[in-house]
Q: 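Structure provided below as structure tokens; questions to follow.
Values in this document were obtained by computation on a predicted structure and should not be read as measured data.
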Amino acid sequence: MNSSLVAYDDSDSETETGKTEVPSTSSRQTSHPSSSVNRVQYFAPGGLGTKSTYEMQPTENADSSGTSTVCEDPPEHYAQNNNADLTSPYCRRPYCGHTALCMSYKNYEQTSSSSINSGNVVSQKRIHKDSTTAIKGIRPYIPKRLRQENSSMPEKKESDQRDSSVCSPDNPSLTSQTWSKISELIKPYLGSKYKLTEVPKSLIFYMSKHCGPVNEIQWCPVREQSHMLLSASMDKTIKVWDAVDTGCCLKTYSCHSCAVRAACWSSCGRRILSGGFDSMLHLTDVETGKQIFSSKNEFRISALKFHPTESNIFICGGFSSEVKAWDIRTSKLLRVYKAAVQQTLDILFLPEGREFLTSTDAVSRDSADRTIIAWDFQSAAKISNQIFHERYTCPSLTLHPKESMFVAQTNGNYMALFSTQRPYRINKKKRYEGHKVEGFAVGCEFSPDGTLLVTGSSDGKVFFYNYHTARIIRTLSAHKEACVSAIFHPVLPSLLATCDWAGEIKIWQ
């Protein structure tokens, strides 16, 4: 170890009697004629007056016949630690062999920020000349602000590049390729009937680009384009994913100023209808990202559904006693369905679209009349409001794909089975219970063949019920937060998509 002599000026009253020699700059920049060593000067980021000199050693390059100069960074910004990788403000250069990571300082000088110039005389308060050797295993101190900036900048650059290249809605080449292709995994199943559904077991894709809870997910209804998955989130965005081949985000739409509560595909698969807590309705073109139809409502929207046979008509409901039907061709309101309720939780069209159901929050102390209301679509008249009499609200409704039955998810931690024929009687012999709802808008869905009934749960699990026996077939521990939706793929057997309250989307098979 080399000893060092340091002179300190601790008070203004004390003066230095010795003359200070200012080292010449030319002595530090002297280049050796043997062309074996070059010295490079850097200003350390710790202060303007700190200057460091270190050497560049020529090393053999195995890939080329000549020699390449390898420059090593100053030891303050190189951490010899296998557990933590600190990003240096300088660009790290490769090193070969057993070259030491830390090199000794030469002509280390630390001068004060204030210097007095009088004529040709320069006086400096503090001079420190030393030659130190970095001790192996000791990690130099880097300010916290510098560490945070260096660690966050590369991640932000990578995420920005990834988002701009993958999720940009203004990328025409990506758009044309995405909407014209047919997934190779889907092609073998297009000409055949849907096979028997099996319970998914393994995780295929994990997608977590949403910054808030995911309220709804839906596969594209067009069979040839059913590799695309739609998601609506509380982070004010709508995303379209390639959930079959790559698991990547294809596009992001930010047309809402508040949380997006409901979204659904059009029957042609080229438009997305969305509504949110900003009371806005938007019909967005999937390829261009432009709004075809927009309307401001008097209430926040929580439910949307297209008419099953008239693709230009949809119904919306939310935090209001009214449910409205719109025609997107004329951008006009068709009908208003009024009920003595405060909020519409979900909407379900019955076969052929002549009638539809709404689930509301109207619950009294002992019964829940008006919890599920049946409407005539053409006349806007109530058909029945005495369908479900138990004192639980129903956050979601789903229709059986083959039989004349529908299921209502209840906040009583069970699902009830009803007939779609008047007077919409409840099946008291079947009750699908075992999962937990606990106030979340947990959705439920039938498999395409109608043999399984799947639902999320507030504890993050996914429950699979046998439709005929109402027994639990299997439970899948899918998420850590509440799982609010689980839907089967319309073409691929046993492919399942789930989402949760933490913003995660997972694909299972």
Side-chain angles (χ1 to χ4, degrees), residues 183 185-186 188-205 216-231 241 243-244 264-265 305 308 346 348-351 394-410 414-420 427 430-435 437 442-457 460-479 483-500 505-509:
S183 174
L185 299 175
I186 296 177
Y189 297 93
L190 293 178
S192 60
K193 294 184 179 180
Y194 189 92
K195 297 181 181 180
L196 182 64
T197 305
E198 297 180 359
V199 177
K201 298 179 181 179
S202 59
L203 178 65
I204 304 298
F205 294 120
E216 191 166 358
I217 54 176
Q218 186 182 12
W219 295 102
C220 182
V222 181
R223 293 171 60 88
E224 291 79 9
Q225 299 174 358
S226 58
H227 63 282
M228 294 185 294
L229 181 71
L230 170 70
S231 63
W241 309 79
V244 174
C264 61
W265 292 94
K305 283 294 186 301
D346 198 11
L348 176 67
F349 272 101
L350 297 181
C394 302
S396 65
L397 307 171
T398 187
L399 189 67
H400 195 278
K402 295 183 178 181
E403 299 182 8
S404 299
M405 306 294 291
F406 74 92
V407 165
Q409 179 81 268
T410 72
Y414 68 91
M415 291 179 287
L417 185 65
F418 298 85
S419 173
T420 58
N427 190 334
K430 290 183 181 180
R431 177 174 287 191
Y432 306 88
E433 55 185 347
H435 59 284
V437 179
V442 177
C444 55
E445 190 82 14
F446 281 101
S447 61
D449 59 356
T451 59
L452 296 180
L453 177 61
V454 61
T455 178
S457 181
K461 296 181 181 180
V462 179
F463 286 77
F464 299 90
Y465 293 91
N466 186 302
Y467 164 67
H468 299 287
T469 64
R471 294 180 179 178
I472 298 176
I473 299 176
R474 182 165 296 184
T475 301
L476 180 66
S477 297
H479 300 273
C483 179
V484 295
S485 184
I487 54 173
F488 280 102
H489 193 274
V491 178
L492 296 176
S494 307
L495 188 68
L496 182 76
T498 61
C499 65
D500 69 350
I505 302 173
K506 295 182 179 181
I507 309 298
W508 306 82
Q509 190 175 18

Q: Return the minimal non-hydrogen interatomic distance between Y414 and Q409, and the atom names on each side.
A: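 Nearest heavy atoms, Y414 then Q409: O-OE1, 3.7 Å.
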Q: Listed by chain and number, what are the side chain to side chain donor-acceptor pair (under 3.5 Å) partners of Y432, not counting sequence neighbours?
A: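 Counting only residues at least two positions away or on another chain, Y432 forms no side chain to side chain donor-acceptor pair (under 3.5 Å).
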Q: Could you report the tightest heavy-atom contact between S494 and P200, atom names first, then the distance?
A: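 In terms of heavy atoms, the two residues are closest at O-CG, 3.4 Å.
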Q: With S485, which residues qualify under side-chain contact (heavy atoms from CB on, under 4.5 Å), at least two apart?
A: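 By the side-chain contact (heavy atoms from CB on, under 4.5 Å) rule, S485 matches I217, I487, C499.
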Q: For T469, what residues pass the side-chain contact (heavy atoms from CB on, under 4.5 Å) criterion, not counting sequence neighbours?
A: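 Counting only residues at least two positions away or on another chain, T469 forms a side-chain contact (heavy atoms from CB on, under 4.5 Å) with N466, R471.
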Q: So which pairs with a foot in residues 397-407 pass side chain to side chain donor-acceptor pair (under 3.5 Å), sequence neighbours left out?
A: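 Pairs touching residues 397-407 that pass the test: E403-Y467.
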Q: Who are the side chain to side chain donor-acceptor pair (under 3.5 Å) partners of S447, not counting sequence neighbours?
A: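 Listed in chain order: D449.
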Q: Carefully, step by step, assess L495 and I507 under the rule side-chain contact (heavy atoms from CB on, under 4.5 Å).
A: CA-CA 7 Å; L495 188 68; I507 309 298; 3.6 Å; yes
Q: Are side-chain heavy atoms of S226 and L492 found at a separation under 4.5 Å?
A: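 The answer is no, as the side chains (C-beta and beyond) never meet within the 4.5 Å cut-off.
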Q: Working note: W508 + V462, criterion side-chain contact (heavy atoms from CB on, under 4.5 Å); need CA distance, chi angles, decisive distance, verdict.
A: CA-CA 11 Å; W508 306 82; V462 179; 5.9 Å; no
Q: Yes or no on side-chain contact (heavy atoms from CB on, under 4.5 Å) for S231 and E216, after CA distance, side-chain angles and deciding distance?
A: CA-CA 6 Å; S231 63; E216 191 166 358; over 6 Å; no
Q: In sequence, state the C-alpha distance, the side-chain angles, and the governing distance for F464 and L496, and then conclude on side-chain contact (heavy atoms from CB on, under 4.5 Å).
A: CA-CA 11 Å; F464 299 90; L496 182 76; 3.7 Å; yes
Q: Can you name the side-chain contact (heavy atoms from CB on, under 4.5 Å) partners of S477, sequence neighbours left out?
A: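 Result, side-chain contact (heavy atoms from CB on, under 4.5 Å) vs S477: K461.
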Q: Considering all heavy atoms of both residues, which atom of R223 and which atom of P490 are nearest to each other, and what is their separation?
A: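 Closest pair (atom of R223, atom of P490, distance): NH1-O, 4.3 Å.
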Q: Take a 6.0 Å sphere around CD of E433 and say whether it holds more than 12 heavy atoms from other residues, nucleotides or ligands.
A: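 More than 12 within 6.0 Å, yes.
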Q: Under the side-chain contact (heavy atoms from CB on, under 4.5 Å) rule, collect the residues that match up with S183, sequence neighbours excluded.
A: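 L185, I186, H227, V244, D245.
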Q: Would you give the length of the straight line joining atom CZ of F463 to atom CG of L452, rounded to the nearest 0.5 angstrom?
A: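 Between F463 CZ and L452 CG, I get 15.0 Å after rounding to 0.5 Å.
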Q: For K305, give me all partners under salt bridge (Lys or Arg N to Asp or Glu O under 4.0 Å), at least two apart in sequence or on another chain.
A: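 Salt bridge (Lys or Arg N to Asp or Glu O under 4.0 Å) check on K305 returns D346.
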Q: Please list, chain by chain and in numerical order, all residues satisfying side chain to side chain donor-acceptor pair (under 3.5 Å) with S457, sequence neighbours excluded.
A: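 D459.
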Q: Measure the spacing between CG of L453 and CD1 of I472 and express it to the nearest 0.5 Å.
A: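 If I round to the nearest 0.5 Å, the distance is 11.0 Å.
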Q: With W219, which residues qualify under side chain to side chain donor-acceptor pair (under 3.5 Å), at least two apart?
A: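 Not a single residue meets the side chain to side chain donor-acceptor pair (under 3.5 Å) criterion with W219.
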Q: Output all residues satisfying salt bridge (Lys or Arg N to Asp or Glu O under 4.0 Å) with R474, sequence neighbours left out; order by chain, then residue number.
A: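 Once residues adjacent in sequence are excluded, R474 has no partner under the salt bridge (Lys or Arg N to Asp or Glu O under 4.0 Å) criterion.
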Q: Measure across G443 and T455 and return the closest heavy-atom pair with its distance rounded to 0.1 Å.
A: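 Closest approach of G443 to T455: O-OG1, 3.3 Å.
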Q: Output all residues satisfying salt bridge (Lys or Arg N to Asp or Glu O under 4.0 Å) with D500, sequence neighbours left out; order by chain, then residue number.
A: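 So D500 forms no salt bridge (Lys or Arg N to Asp or Glu O under 4.0 Å) with any residue.
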